[in-house]
Amino acid sequence: MENKLTLRDVCKKIWYEFLDMLAGAAFPFMLMLILGATVIGFVAYNGKDDVPLQAVILAVGEIMLIAATVIFGKQNGASAYKKTIFNEGKRAAGSTELKVLLRTGEYAPYKAAIIGFIACVPFMLINLIYCITPATWCEFLLSYVFGWAYYPFNLGKLSPWFNYIAVIPYIAVHVVAYILGGNTEKKKQEIIDNQDEIPTKRGKK
């Protein structure tokens with residue numbers, strides 16, 4: 001099936017992969033909501049004239065978001081690599097499980113970018129509505145939920161269209177963290193494999 005995928009198999013693979021990446025984006029998205037409603041949300045409570053204080057609060061919130069994204073990004077990468085190793089073993093044993101044969105949820109750097117993008121979709125949709133037809137409810141959500149992307153340019157009185165720029169570094173951080181997590185897990189697996197080979201070599205002697 002790996003070499004001769006039918007159109008139906010391809011459609012199933014796309015769907016399974018989407019669900020897997022959607023699950024991977026759940027925690028990063030929740031972190032956006034939590035930090036946006038707490039630390040970064042405090043930016044809105046300070047007077048519009050106190051920009052320096054707002055900038056400090058925003059910086060703290062952004063640092064916390066980056067740190068959390070790195071942690072969960074590494075976890076996503078490590079989990080995906082573990083699944084790759086596990087599925088390779090099942091395929092070698094002749095497994096006929098569809099998700100295993102379709103390599104669903106296995107490690108691939110491009111998935112890190114998609115996961116980061118999915119986590120940002122709610123912000124991008126609300127920001128789009130705000131750019132086209134500014135509404136109070138949109139501004140409220142951008143201020144208290146997606147402040148990590150809204151305030152960096154809002155404090156500089158720039159157009160809300162600039163807010164989309166904040167998505168790029170966020171996705172980049174998740175991609176780097178995902179790759180680091182995958183590489184770390186790969187090294188762990190190599191160490192385990194080497195330890196397993198040592199008794200075998202001794203036995204041959």
Side-chain angles (χ1 to χ4, degrees), residues 1-34 36 65-66 68-133 138 141-142 145-146 148-149 161 163-190 193:
M1 181 175 288
E2 290 183 85
N3 297 323
K4 297 181 179 179
L5 294 179
T6 64
L7 178 59
R8 185 177 181 181
D9 292 332
V10 172
C11 291
K12 285 183 178 181
K13 177 177 175 60
I14 293 173
W15 176 244
Y16 291 150
E17 290 287 13
F18 172 73
L19 293 179
D20 184 77
M21 290 185 285
L22 187 63
F27 277 112
F29 176 68
M30 289 175 63
L31 284 169
M32 290 182 189
L33 300 183
I34 293 172
L65 179 61
I66 290 173
T69 301
V70 168
I71 292 173
F72 282 102
K74 291 180 68 176
Q75 182 178 330
N76 282 337
S79 298
Y81 194 84
K82 285 181 182 178
K83 195 165 189 177
T84 299
I85 298 299
F86 181 71
N87 284 353
E88 285 180 352
K90 294 182 74 172
R91 282 191 290 271
S95 174
T96 57
E97 186 179 343
L98 183 59
K99 289 186 178 181
V100 173
L101 297 178
L102 294 178
R103 301 179 179 274
T104 303
E106 295 187 12
Y107 179 84
Y110 77 87
K111 294 181 181 179
I114 297 177
I115 290 173
F117 179 83
I118 291 174
C120 295
V121 167
F123 154 70
M124 291 189 289
L125 291 177
I126 293 173
N127 192 69
L128 179 61
I129 296 173
Y130 184 69
C131 288
I132 298 173
T133 55
C138 286
L141 289 177
L142 290 173
V145 179
F146 303 109
W148 62 274
W161 288 105
N163 295 343
Y164 287 106
I165 296 176
V167 172
I168 299 173
Y170 176 83
I171 294 176
V173 168
H174 186 268
V175 171
V176 172
Y178 181 96
I179 293 174
L180 287 175
N183 288 341
T184 299
E185 186 59 34
K186 180 180 180 181
K187 291 178 181 178
K188 287 182 181 179
Q189 293 296 330
E190 289 175 348
D193 291 341

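Keep in mind that this is a model prediction, so the values were computed, not measured.
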| So, does R91 use its side chain to make a donor-acceptor pair with the main chain of V100 at under 3.5 Å? | yes

| Derivation and outcome, side chain to side chain contact (heavy atoms under 4.5 Å, CB included), residues N87 and R103 | CA-CA 7 Å; N87 284 353; R103 301 179 179 274; 5.9 Å; no

| field | Between CE on residue M21 and OG1 on residue T104, distance to nearest 0.5 Å | value | 10.0 Å

| task | Taking the side chain as every heavy atom from C-beta outward, state whether L128 and W161 have any atom pair closer than 4.5 Å. | result | yes

| message | If I take atom CG from residue N76 and atom CG from residue D20, how far apart are they, to the nearest 0.5 angstrom? | response | 9.0 Å

| Are there more than 12 heavy atoms of other residues, nucleotides or ligands under 6.0 Å from atom CZ of F27? | no

| said: Could you measure the distance from the CG atom of L141 to the CG atom of L33? Nearest 0.5 Å is fine. | reply: 10.0 Å

| task | Measure the spacing between NE2 of H174 and CD1 of I179 and express it to the nearest 0.5 Å. | result | 11.0 Å

| task | Test side chain to side chain contact (heavy atoms under 4.5 Å, CB included) on K13 and K99 and set out the steps. | result | CA-CA 8 Å; K13 177 177 175 60; K99 289 186 178 181; over 6 Å; no

| query | Does any non-hydrogen side-chain atom of Y164 lie less than 4.5 Å from one of M124? | reply | yes

| task | Take the angle between the ring planes of F123 and F146 and call it parallel below 30°, perpendicular above 60°, tilted in between. | result | tilted

| L142 and N127: CA distance, side-chain angles, deciding distance, side chain to side chain contact (heavy atoms under 4.5 Å, CB included) verdict | CA-CA 7 Å; L142 290 173; N127 192 69; 3.9 Å; yes

| Under 3.5 Å, is there a donor-acceptor pair between the T6 and D9 side chains? | yes

| Lys/Arg cation over aromatic Y81: K186, 6.0 Å, 45° cone | no

| remark: In terms of heavy-atom contacts, A177 and V70 come closest through CB-O, 3.5 Å

| note | Only residue of E185, E106, Q189 satisfying side-chain contact (heavy atoms from CB on, under 4.5 Å) with I85 is Q189

| field | Value rounded to 0.5 Å, distance of CD in E88 from OG1 in T84 | value | 6.5 Å

| Heavy-atom closest contact (P28 atom, Y170 atom, distance) | CB-OH, 3.2 Å

